[in-house]
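Taking it in order: structure first as structure tokens, then the write-up.
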Amino acid sequence: MRARSSKGNVFVGNLPPDFSDERLAEAFDPYGIVLSAVVARDPSTGARLRYGFVDIATERAATQAITALDGVEIDGCKLNVKASEKKSGARKPGTGPARRPPFRPAAPRRTPIAAAEPPVLAETPALAETPALAETPARPAQSSVIAASLEEMGPPPRRDFEVTSKPARRKTPTFQVERRTLPRRG
């Protein structure tokens with residue numbers, strides 16, 4: 001048995017604007033058992049759209065209905081009837097944005113050997129002559145200061161895994177299955 005889609009196995013396009021679900025089911029009823037017939041509606045306004053889906057019990061009935069009703073004119077509209085196709089990658093409207101692909105960092109850039117050498121800077125005489133800048137002691141990096149203060153504090157106590165009370169164990173049922181032979185038919 002084939003898997004059924006929830007939208008039906010026959011697509012009906014170019015329906016009249018006032019076409020109801022019941023009339024759609026009645027149009028397909030002579031060809032087989034109609035499991036469902038739905039005229040699509042606009043999700044925001046609820047107005048009927050001009051296409052629908054019909055789910056017919058057997059493939060054979062569906063193909064008969066497609067060949068018989070394709071191109072038939074109802075209420076001045078020429079019907080477009082064909083087998084419903086599942087679209088790969090299609091989403092329902094209103095289900096939210098498409099998922100982003102997972103983040104993949106770019107490959108590291110490789111620099112040529114000549115470019116990796118540090119550039120030679122010319123000594124500026126103004127900085128060398130300034131006594132305040134020459135005698136300034138080097139400060140430790142801010143990250144090392146933060147790391148040292150975190151080591152002094154220690155990790156916080158963990159309480160997310162402690163069990164305050166054990167759940168009561170369920171008792172296993174104590175019953176016996178009676179075994180006896182069945183009488184023979186004679």
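The chain is numbered in sequence order, starting from 1.
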Worksheet item: What do the steps show when you test Asp42 against Leu49 for side chain to side chain contact (heavy atoms under 4.5 Å, CB included), and what is the final call?
Response: CA-CA 6 Å; Asp42 184 13; Leu49 300 175; 4.2 Å; yes
For [Y], is there any backbone N or O sitting under 3.5 Å from a side-chain donor or acceptor partner on [X]?
X     : Y     : result
Asp29 : Val34 : no
Arg50 : Leu15 : yes
Arg48 : Pro17 : no
Asp21 : Val38 : no

Out of curiosity, [X] [atom1] to [Y] [atom2], how far, rounded to the nearest 0.5 Å?
X     : Y     : atom1 : atom2 : answer
Lys78 : Glu73 : NZ    : CD    : 8.0 Å
Leu35 : Asn9  : CG    : CG    : 8.0 Å
Ile56 : Ile66 : CD1   : CD1   : 7.5 Å

Discussion item. Test of understanding: with side chain to side chain contact (heavy atoms under 4.5 Å, CB included), list the residues that count as partners of Arg60, not counting sequence neighbours.
Written reply: Thr58, Gln64
Item to complete: Evaluate the criterion side chain to side chain contact (heavy atoms under 4.5 Å, CB included) for residue pair Phe28 and Val81; output intermediate values, then yes/no.
Response: CA-CA 11 Å; Phe28 281 82; Val81 183; 4.1 Å; yes
Response to the item:
Residues passing the salt bridge (charged side-chain N to carboxylate O under 4.0 Å, His left out) test with Asp18, sequence neighbours excluded, are none
Worksheet, complete the sentence: Of all heavy-atom pairs linking Pro16 and Cys77, the shortest is CA-SG, 3.9 Å
Worksheet item: What closest approach, in Å, do Ala61 and Gly32 show between heavy atoms, and which atom pair accounts for it?
Response: CB-CA, 3.9 Å
Worksheet item: For Tyr51, does the OH atom have more than 12 heavy-atom neighbours from other residues, nucleotides or ligands under 6.0 Å away?
Response: no
Fill in: Among Leu69, Val12, Asp70, side chain to side chain contact (heavy atoms under 4.5 Å, CB included) partner for Asn80
Asp70
